[in-house]
Structure formats: structure tokens, C-alpha cells
There are 2 protein chains.
Amino acid sequence: MATQWPAAEDRTGREPLSVVDRIKQYILLNRLSPGDPMPTEHELSDQLAVSRSRIREAMKTLSALDIVEVRHGYGTFVGTLSLTGLAESLAFRGMLTSHRDKHFLADLIDLRELLEIDWAPLIVERLDTEALAAMRALATTMVDLAAQGREFPVEDRQFHQLLVSTSGNALVGQLLDVFWQVHSLVAETIGPPTHLEETAQAHHAIIDAIESGSAEALEAAIRRHYEPIRERMRRSAGAD
Amino acid sequence: MATQWPAAEDRTGREPLSVVDRIKQYILLNRLSPGDPMPTEHELSDQLAVSRSRIREAMKTLSALDIVEVRHGYGTFVGTLSLTGLAESLAFRGMLTSHRDKHFLADLIDLRELLEIDWAPLIVERLDTEALAAMRALATTMVDLAAQGREFPVEDRQFHQLLVSTSGNALVGQLLDVFWQVHSLVAETIGPPTHLEETAQAHHAIIDAIESGSAEALEAAIRRHYEPIRERMRRSAGAD
DNA sequence: TGGGATTTGTCCGTATGTATG
DNA sequence: GCATACATACGGACAAATCCC
């Protein structure tokens with residue numbers, strides 16, 4: 001199929017499309033998929049009849065949203081449409097507002113807990129033994145690290161990814177991962193972590209609950225998991 | 001307080017910060033709030049010792065995430081940290097993938113339903129009569145418009161905003177609004193709406209349920225509200 | 001291993017459009 | 001209407017990174 005180029009005016013009588021929109025149109029018109037190569041900046045500049053500076057600025061906008069991915073000296077490609085932009089935006093909001101109020105972090109924790117609890121019935125029903133074994137190993141590592149007074153961000157993140165992986169809803173998995181990242185970044189700014197051992201143990205309890213086959217037990221275990229985290233937040237709020 | 005400028009090297013030995021990060025640092029260091037004016041591009045160019053082109057490209061990245069807001073011929077300001085970037089990114093993903101699979105839209109609907117149901121107990125408990133009256137008026141308008149065969153996007157969006165407004169969780173409200181926008185945009189691409197009257201009536205049923213004071217009734221009403229929407233999706237999937 | 005070709009990154013100078021007062 | 005300040009846009013030049021032969 002020949003390359004399709006969007007016109008500056010989508011329909012006569014309407015205002016001309018922005019460069020960003022025309023590049024998005026280009027991707028849609030040519031049915032490109034994540035990873036597919038985009039034209040060079042020079043070619044886009046020619047085809048859309050705008051300077052390379054404008055193309056570059058449009059690309060910056062698009063890469064911030066992970067609609068395209070730019071590789072220095074190599075080329076530009078259709079992005080993976082991940083939610084990295086959301087993570088950056090939320091993390092910045094958290095850092096900017098965490099001085100004034102703690103609402104943001106509290107809302108974030110509530111949302112994480114709520115979404116995980118939503119999937120509790122499905123998780124116990126499907127009971128993915130492979131994932132469960134991996135989660136058990138991660139929990140053990142976390143307890144070990146906690147005993148040494150060390151943190152365990154990598155293990156914690158992976159644990160929660162696995163927990164929701166059985167949901168079948170890719171979107172909620174990605175969102176929860178973003179929330180995890182934002183939480184992790186913002187929490188750093190309010191001081192060192194507390195309740196390390198308690199939090200690590202809470203992950204074992206979550207697996208126990210899943211194996212028990214009771215959705216209610218899992219819900220309770222998830223709630224208990226988030227309690228020390230809320231407690232830490234309350235303390236830092238009081239310390240201000 | 002004198003203006004604080006972030007150094008290119010945060011700590012000796014580490015790699016230098018990107019221009020985007022240095023501008024974010026500038027905002028954090030000077031404790032700026034949404035709406036506060038940013039330095040001009042020329043001044044940023046001087047202070048950060050990089051060309052105006054780089055400043056502009058960085059600004060494009062930051063404005064895509066609504067970290068700054070640029071007003072042509074006037075100035076640049078700290079942005080409102082809204083989730084417009086997420087909406088754009090998700091909407092594009094939906095349009096790009098809706099040809100191949102319907103998972104995305106289905107996941108999105110599930111997520112909207114789930115989050116609204118999560119707040120059902122709180123909504124019936126607090127029972128904001130003002131919001132309820134406004135919602136009732138909106139529902140009536142929706143039914144009128146549906147009877148004329150017309151759509152009612154504005155009313156629908158506002159209705160759902162009001163529904164979750166009593167949750168007290170600002171984040172979930174903003175997220176749901178983004179999901180509404182994305183849903184609306186992506187749904188357009190799969191054809192004209194169906195079940196107009198049924199959907200309009202479903203909103204009346206939601207208010208009835210809230211007034212009944214039963215969280216279970218509200219949950220059921222919300223589920224019924226999303227049923228015709230899922231049905232429309234299934235039909236379009238079958239039509240491919 | 002190396003070197004040339006391609007592509008993105010950075011910078012500069014200048015001109016134009018737009019909002020404020 | 002005018003002057004000023006600011007963002008928008010363009011074109012050209014060179015640097016840096018990557019790939020491929």
C-alpha cells in the first residue's frame with residue numbers, strides 16, 4: 001500500500017490540523033503498529049511542508065505520551081503507548097503538592113487498595129499456581145531483606161504486578177503499576193520507609209489468603225498490607 | 001526569596017540532568033504553584049545555558065504532561081497537572097488498536113463500572129441532595145434528547161462527574177472523567193450510538209437507587225447502566 | 001576493525017504572529 | 001494605533017550517535 005499522508009485541512013471549512021495531529025493521522029492512516037519505523041524528520045518536514053524544528057517539537061510532544069519513540073542517530077518508531085507520561089505527571093504532582101497536603105498520597109493508596117480488592121474474587125477463583133509460586137519466592141526475599149534492614153522495591157513491584165496479572169484486564173494492570181511507581185517516588189520525599197518487616201510479612205499473608213481460597217480472606221489480607229503504609233503517612237503528616 | 005536555579009549536575013559523579021528535569025527542579029525548588037508564571041524562554045535559555053531550541057523542545061514535553069502551560073505571546077505558567085496527557089495517550093491507543101481487538105474498550109468499560117461501584121456505599125451514605133437534584137435534572141434532559149433521537153454527551157459526562165464527586169477522592173474523579181473522554185472518543189470510531197433511550201433511562205434508575213438508600217440497589221443500577229453500552233460494543237465486534 | 005552514510009541532537013540568527021498596556 | 005514583550009516559526013550549520021558494509 002502506498003504511503004498515506006494526511007492533508008493539513010481534514011475537511012474544507014475547518015481549521016487546519018496541528019502538526020501533532022497530522023503525525024497521529026499519519027500513523028492511523030497507514031495502520032502502523034508499535035515498533036514500526038516512522039519517516040525521518042527530514043522526510044516529515046518535506047511531506048508536511050513545515051520546518052524540521054516544528055517536526056522536532058511535535059515529536060517531543062508525541063514522545064512524552066509514548067506515541068512515538070525516538071532513538072538518537074537511528075530513527076523514530078511508533079511507541080508502545082505505555083502510561084509513562086501518566087507516571088511522570090502524577091509523580092510531579094505528588095512532589096509539588098505533598099508539602100501542602102497529604103490528600104494526594106492518601107487518595108493514591110486508597111485507589112491502589114480498592115483496585116486490588118476489586119479483583120480478589122477473580123484471583124482466588126483462577127488461582128494461578130505458577131504466579132503464586134513466584135510471588136511466594138518474592139515474599140521470602142522481601143522478608144530476608146527486611147531482616148537486614150534493607151528495602152525491597154523491585155520485589156514489591158513485581159509482587160503486585162503478579163497479583164493483578166490474573167485479572168485479565170491489561171489496563172488495570174498497567175494503571176496499578178503506574179500507581180506503584182508514583183507512590184514509590186512520592187513516598188521517598190516524605191522520609192525513610194518504616195514497618196519494613198511488617199510490610200514484608202504482609203505479602204506472605206496475601207499468598208496464604210489466596211491459597212485458602214477465600215475472597216474475603218484475601219480482601220482482609222490486602223487491607224492489612226496497606227495499613228502500615230497508611231500509618232507511615234500519618235506519622236510524616238504529624239511530623240510537619 | 002531569591003530565585004533558585006538547579007545545577008546541571010545534581011550531585012558530583014552523577015550524569016547531568018536533562019533540561020526537562022532541570023526545569024522541573026526549578027519549579028520544585030522555588031515552590032511554585034499551578035498558575036504561577038515561569039521565566040521566559042530567553043531567560044531559561046540564559047540561566048540553564050542551553051539554546052532556545054532546547055528550551056522550547058523541553059517545554060513541549062512539559063506542556064504535553066500539563067506541567068507547564070504556554071500562552072502564545074503572553075508567557076509560560078505552571079500547569080494544572082491535569083490528566084489531559086493520559087486522555088490523549090489512551091484515546092490514541094484506543095483508535096490504533098480498536099481495529100485489531102476490542103479488549104481495550106472492554107477493559108475501559110469494566111474499569112469505569114468497577115470504580116463507580118466501589119464508591120456506591122459511600123454515595124448512598126452521604127446522599128448529597130444538591131448533587132442529586134442536579135443529576136435528576138440532567139437525567140430528565142437526557143431522556144428528552146433521546147426521545148428526539150439526539151445524543152447527550154455533555155449531560156452524561158456531567159452526570160458521572162457528579163456521581164463520584166461525593167467520594168472525596170479527587171484522583172478517582174479525575175481518572176473516571178478521563179476514562180469517560182477516552183470511551184467517548186473511541187466509541188465514535190466504532191459507529192453510531194445505540195440504545196439511546198435505554199441509556200438515558202438508566203440514569204434515572206441510578207438516582208432512584210441512591211434515594212432508596214440501598215448500596216446494593218445502586219450497584220445493580222450502575223451495572224444495568226453499562227449493559228447497553230457493552231451490548232453496543234459486542235454488536236460492532238460482530239459486524240467486523 | 002574501520003569508515004562512510006544516515007539520522008537525531010544542538011545551536012544560532014532572523015523574521016513573524018500575538019497578547020498586553 | 002503604537003510600542004513592548006513574548007512565543008512561534010524557519011533555514012542552515014555542525015555535533016553526536018547509530019548502523020551497516
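Between A/R56 and C/dG9 there is a side-chain N or O to OP1 or OP2 distance below 4.0 Å.
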Trace of the side-chain contact (heavy atoms from CB on, under 4.5 Å) decision for B/F159 with B/M142: CA-CA 10 Å; B/F159 183 96; B/M142 286 191 249; 3.8 Å; yes
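Spacing between atom CD of B/E43 and atom P of D/dA7 amounts to 10 Å, rounded to whole angstrom units. With rounding to whole Å, B/E57 atom CD is found 14 Å from C/dC12 atom P. Summarising the geometry, the separation between CD1 on A/I55 and P on D/dG12 is reported as 16 Å, rounded to the nearest angstrom. Remark: C1' of C/dT10 and CG of B/L48 are 15 Å apart, rounded to the nearest angstrom. When rounded to the nearest whole Å, the span between CZ of B/R54 and P of C/dT8 equals 17 Å. For the pair B/H42 NE2 and D/dT4 P, the computed distance is 17 Å after rounding to whole Å. For A/D46 and D/dG12, the CG to C1' distance is 14 Å, given to the nearest whole Å. The separation between B/K60 atom NZ and D/dT8 atom C1' is 8 Å, rounded to whole Å.
Looking at B/D66, its side chain does come within 3.5 Å of a backbone N or O of B/S82 through a donor-acceptor pair.
Here A/D128 contributes atom CG and A/I123 contributes atom CD1; the two are 10.5 Å apart, rounded to the nearest 0.5 Å. Atom OG1 of B/T76 sits about 13.0 Å away from atom CG of B/D36, to the nearest 0.5 Å.
With hydrogens and angles ignored, no donor-acceptor pair under 3.5 angstrom links the side chain of B/H72 to the base of C/dT18. Residue B/R52 places no side-chain atom within donor-acceptor reach of the base of C/dG13, judged by atom type and a 3.5 Å distance cut-off alone.
Closest contact between the side chain of A/V70 and the listed nucleotides D/dG11, D/dA7, C/dG9 involves C/dG9. Counting only heavy atoms from C-beta on, A/T40 has its side chain closest to C/dT7 among C/dT7, C/dT10, D/dC10.
The aromatic ring centres of A/H160 and A/H183 sit 6.0 Å or more apart.
Along DNA chain C, the nucleotide nearest to A/S53 and the one nearest to A/T76 differ in position, and the one closer to the 5' end is contacted by A/T76. Nearer to the 5' terminus of DNA chain D, by closest-nucleotide assignment, is the contact made by A/A49 (compared with the other of A/G73 and A/A49). For the pair A/Y74 and B/Y74, nearest-nucleotide mapping onto DNA chain D gives the more 5' position to B/Y74.
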